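Reading through the structure tokens given below for one structure.
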Amino acid sequence: MESIDPSAVNREKHRKNEGLRDLPGDTSEVVLRFAPNPNGPLSIGHSRGVVINSKYAEDYEGKMVLRFDDTDTKVKPPLIEAYAWIEEEYEWLSGRPADVIVKASERMPIYLKFARKMIEKKLGYVCRCKAEDFRKIREEKTNCHCRDRSTEENLHDWERMVDGKIVEGGAVVRVRTDMTLPNPALRDWPALRIQHSPHPLVGDRYKVWPLLDFQSAIEDHEQGVTHIIRGKDLMDSTRKQTILYDNFGWTYPETLYWGRVKVNEFGGFSTSSIRKSIEEGKFSDWKDPRLPTIKALKERGFEAQSLREFWSDIGLTQKDISISMKTIESFNSSIIDSKCERRTFVSNPVELDLETEVKIGGVKIPRHPDKKILGNRNWEIGKSILIQSSDLDTEHLRLKDFANIEISGTNFSIHSYDRIDNRKIIHWIPSNLSKKCILAIPIKEELAETTGFIEDFELRIGEVYQFERLGFARVESIDDEQVRIVWLHN
RNA sequence: GCUCGUGUGGUGUAGUUCGGUCCAUCAUGACGGACUCUCGAUCCGUCGACCCGGGUUCAAAUCCCGGCACGAGCACCA
């Protein structure tokens, strides 16, 4: 300790801080949560929430709650399969399952109990105003007449709401705040509303459902959540919920925010809009490589680790950001490069015949150029080969890992095996080792297809290969006729 | 309109709490080079930023005031 280099201390400020910044407040027993709406599987945007929260939980040896916010049966109704999908995707992204998994729809008795308590204590009231009428009242900072009714009248209406005797839109429970509050969002905000449509998990048992701000607030308290990390669009939620916590005498968790994220390559996708597009047949399913879903990224060959590194690198800032898949791809490349065997794909092929009668044996080409994967691909060369027509701009070429050749017309002859000059090196495949192949490239909402031939050497479905001079792609299917591969990235 | 938040290279990000050590960090990108029998990997180099205007100070990305820009909330969605 005595020999600290002063210049190193001075330079401390210059170095970029690694990892996430410290969590505020008491961090002795951290409980965090990730709370998606199960109206579809997770998308790339959700992965930030999973990664950041689970990383904090790991750093502080805390707990993670995976909570399904499924209290809307109408506008964004739950998708029954999504619960299991999200559990899997959560585990894939964070590398471990959540410590606690809770579905809001299973916890309805708790929410309804607190709602009743709130009315009994005059902390909330049943409001029979129409939504548009209340909007005006909120703007004018006046009180609606529902506000002053007796507790008995309120409880009576509450029972009728719960029993399904009031139609949807006929009443709402509000948290009593102060109608003169400067922030209009906080003025007597709605906590529960009536929805008569059945819930896929609990059926039509409940007629009154809590809204996010109420449900989330109660559940965070029930679970002992210490830190909430949410989008900054939910800043007013924090303020609303703090009022509720004060009313109940609870202490609100520490709250951190992130800004909006836009992924350049994907337009304005929302879970609901994707769901609609799939139903319309615009996409095959949630795994369609053109979609920004975790399922699609996984299917295409992205590693969870690349998302973890990417989001950790971005960290937690309130800035609205535009990110590019290129950055995620570069993280992914560096992770998978050493794990992927090389193969050859020749697009727009031209077949060349060997002129001379030379007897050629097999050629051994490494599975990985840096020997990260040992072994060779053994090629038996027949009398013809395939090269890319775009490489045919000169007669003097070198077939990579094999020989210098001279081309005339559709014939070629071997000039030398050793590399004796600097002629262009191209990739190629012997015709007898080639198989028809379709390369599908997701570009925005299109799926461009290139036809060519693939090196038919120990190909495995689901495996990602690096195609020489091209980039990474994953084998989607293989049959007697052809192979289909899906483009990943450079 | 009201309320809240954010402004550092093309894109992200560090530094802003407690002004100097910042002619501003790192990654990604673009460009160039070396090496390699891939347009991959590796290595080297170059490019490029503190929203604007005042103020305080010996000294401001950092503090103060005033603008401007962008985003979000004000849903019986989450």
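This structure is a prediction, so every number in the text was calculated from the model and none was measured. Numbered from 1 within each chain, the chains take letters A, B, ... in sequence-line order.
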Original post:
Using the P atom in both, what is the distance from rC22(B) to rC64(B), to the nearest Å?
Top reply: 23 Å
**OP:** Can you tell me, in whole Å, how much space there is between the C1' of rU28(B) and that of rC51(B)?
**Re:** 23 Å
Original post:
If you check every side-chain atom of Gln466(A), which of rU6(B), rG40(B), rG29(B) has the closest atom?
Top reply: rG40(B)
**OP:** Find the partner of rU28(B): check Watson-Crick (N1-N3 plus N6-O4 or O6-N4) and G-U wobble (N1-O2, O6-N3) distances, both under 3.5 Å, and reply none if neither fits.
**Re:** rG10(B)
Subject >> Comparing Leu211(A) and Leu470(A) on RNA chain B - which has the more 5′ nearest nucleotide >> reply: Leu470(A)
Original post:
Expressed in whole Å, how much space separates the C1' atoms belonging to rC26(B) and rG19(B)?
Top reply: 24 Å
Original post:
Nearest-Å distance, CG (Leu20(A)) to C1' (rA14(B))?
Top reply: 13 Å
**OP:** Flag the pair Asp337(A) / Gln466(A) as yes when at least one side-chain heavy-atom distance between them is below 4.5 Å, and no otherwise.
**Re:** yes
Original post:
Between Glu265(A) and Met325(A), is there a donor-acceptor pair closer than 3.5 Å when you use the side chain of the first and the backbone of the second?
Top reply: yes
Original post:
With a 4.0 Å cut-off on heavy atoms, is Pro369(A) in touch with a base, just the backbone sugar-phosphate, or nothing at all?
Top reply: base
**OP:** Compare side-chain N and O positions of Lys326(A) against OP1 and OP2 of rU11(B) and report whether any pair is under 4.0 Å apart.
**Re:** no
Original post:
Asp370(A) has a side chain; which of rC74(B), rA41(B), rA78(B) sits nearest to it?
Top reply: rA41(B)
Original post:
Which part of the nucleic acid does Thr71(A) contact within heavy-atom distance under 4.0 Å: base, sugar-phosphate only, or nothing?
Top reply: sugar-phosphate
Subject >> Whole-Å distance separating the CD1 atom of Ile429(A) from the P atom of rU38(B) >> reply: 18 Å
Subject >> Spacing of Arg260(A) atom CZ and Ser322(A) atom OG [to the nearest 0.5 Å] >> reply: 9.0 Å
Original post:
Hey, does Asp320(A) reach any base, or is it just sugar-phosphate, or nothing, if we go heavy atoms under 4.0 Å?
Top reply: sugar-phosphate
**OP:** Report the distance from atom CD of Gln241(A) to atom CG of Asp246(A), rounding to the nearest 0.5 Å.
**Re:** 12.0 Å
**OP:** Searching all strands shown, indicate the nucleotide that pairs with rA61(B) (Watson-Crick or G-U wobble; both distances under 3.5 Å).
**Re:** none
Subject >> Arg67(A)/Gln215(A) under side-chain contact (heavy atoms from CB on, under 4.5 Å): CA gap, chis, key distance, verdict >> reply: CA-CA 11 Å; Arg67(A) 184 182 80 211; Gln215(A) 178 272 130; 3.5 Å; yes
Original post:
So what does Asp401(A) touch, heavy atoms closer than 4.0 Å: a base, only the sugar-phosphate, or nothing?
Top reply: base
Subject >> Complement of rC37(B), any strand, by Watson-Crick or G-U distances under 3.5 angstrom >> reply: none
Subject >> Length of the CD1-C1' vector between Ile425(A) and rC35(B), whole Å >> reply: 12 Å
**OP:** For a ring-ring contact (aromatic ring centres under 6.0 Å, His included) with His489(A), tell me which candidate from Phe467(A), Phe331(A), Phe472(A) qualifies.
**Re:** Phe472(A)
Original post:
Nearest-Å distance, CG (Asn37(A)) to P (rC77(B))?
Top reply: 12 Å
Original post:
Which is true for Lys372(A) with a 4.0 Å heavy-atom rule: it touches a base, it touches only sugar-phosphate, or it touches nothing?
Top reply: nothing
Original post:
Using the C1' atom in both, what is the distance from rC43(B) to rC23(B), to the nearest Å?
Top reply: 28 Å
Subject >> Residue closer to the 5' end of RNA chain B, Arg342(A) versus Lys74(A) (nearest nucleotide) >> reply: Arg342(A)
Subject >> Phosphate OP1/OP2 of rU3(B) contacted by Arg187(A) side-chain N/O (<4.0 Å) >> reply: no
Original post:
To the nearest 0.5 Å, what is the distance between CZ (Arg187(A)) and NZ (Lys141(A))?
Top reply: 5.0 Å
Subject >> Among rG40(B), rC76(B), rU38(B), the one nearest Arg469(A) by side-chain distance >> reply: rU38(B)
**OP:** Determine yes or no for a side-chain-to-main-chain donor-acceptor pair under 3.5 angstrom, with Asp72(A) supplying the side chain and Lys74(A) the backbone.
**Re:** yes
**OP:** Would you classify Thr317(A) as touching base, sugar-phosphate or nothing, given that sugar-phosphate means primed atoms plus P, OP1 and OP2, and contacts are heavy atoms under 4.0 Å?
**Re:** sugar-phosphate
Original post:
Across all strands, who's sitting opposite rU3(B) as a Watson-Crick or G-U wobble pair, both distances under 3.5 Å?
Top reply: rA72(B)
Subject >> Check: Arg398(A) side chain, rC37(B) base, donor-acceptor under 3.5 Å >> reply: yes
Subject >> rC77(B) versus rG54(B) - spacing of their C1' atoms, nearest Å >> reply: 45 Å
**OP:** Would you indicate what Gly169(A) reaches in the nucleic acid, counting non-hydrogen atoms under 4.0 angstrom: base, sugar-phosphate, or nothing?
**Re:** base
Original post:
So what does Ile314(A) hit on the nucleic acid, given a heavy-atom distance under 4.0 Å: a base, only sugar-phosphate, or nothing?
Top reply: sugar-phosphate
**OP:** Can you figure out which of rA78(B), rC77(B), rC37(B) approaches the side chain of Lys400(A) most closely?
**Re:** rC37(B)
Subject >> N or O in side chain of Ser333(A) less than 4.0 angstrom from rA41(B) OP1/OP2 >> reply: no
**OP:** Figure out the CG/P separation between Asp213(A) and rA72(B), and round it to whole Å.
**Re:** 18 Å
Original post:
Would you say the side-chain atoms of Glu341(A) pair up with the backbone N or O of Tyr465(A), donor to acceptor, closer than 3.5 Å?
Top reply: no
**OP:** Grab the NZ-C1' distance between Lys232(A) and rG73(B) for me, whole Å please.
**Re:** 11 Å
Original post:
Do any side-chain nitrogens or oxygens of Arg193(A) fall under 4.0 Å of OP1 or OP2 in rA78(B)?
Top reply: yes
Original post:
Under 4.0 angstrom, heavy atoms only, what part of the nucleic acid is Gln318(A) near: base, sugar-phosphate, or nothing?
Top reply: sugar-phosphate
**OP:** Could you work out which one of rG12(B), rG40(B), rC4(B) sits closest to the side chain of Arg239(A)?
**Re:** rC4(B)
Original post:
Using a cut-off of less than 4.0 Å, is there contact between a side-chain N or O of Lys319(A) and OP1 or OP2 of rU8(B)?
Top reply: yes
Subject >> Residue Ser330(A), side-chain atoms from C-beta onward, closest of rU3(B), rC76(B), rU28(B) >> reply: rU28(B)
Subject >> Gap in Å between the two C1' atoms, one belonging to rG5(B) and one to rA41(B), rounded >> reply: 43 Å
Original post:
Is there a Watson-Crick or G-U wobble partner for rG19(B) with both distances under 3.5 Å, and if so, which one is it?
Top reply: none
**OP:** Go through rG73(B), rG15(B), rU38(B) for me and flag the one nearest to the Arg21(A) side chain.
**Re:** rG15(B)
**OP:** Round to a whole Å and report the spacing from CG of Asn490(A) to P of rA30(B).
**Re:** 9 Å
Subject >> Atom-pair distance (NE2 on His46(A); C1' on rA78(B)), nearest Å >> reply: 9 Å
Subject >> Verdict with supporting geometry, Asp236(A) and Arg239(A), salt bridge (charged side-chain N to carboxylate O under 4.0 Å, His left out) >> reply: CA-CA 5 Å; Asp236(A) 282 341; Arg239(A) 298 180 184 108; 2.7 Å; yes
Subject >> C1' atoms of rU38(B) and rU21(B), separation to the nearest Å >> reply: 46 Å
**OP:** For Thr327(A), report the nucleic acid contact type (base, sugar-phosphate, nothing); a contact means any heavy atom under 4.0 Å.
**Re:** sugar-phosphate
Original post:
Using purine N1 to pyrimidine N3 plus N6-O4 or O6-N4 for Watson-Crick, or N1-O2 and O6-N3 for G-U wobble, each under 3.5 Å, what pairs with rC50(B)?
Top reply: none
Subject >> rU17(B) versus rC65(B) - spacing of their P atoms, nearest Å >> reply: 15 Å
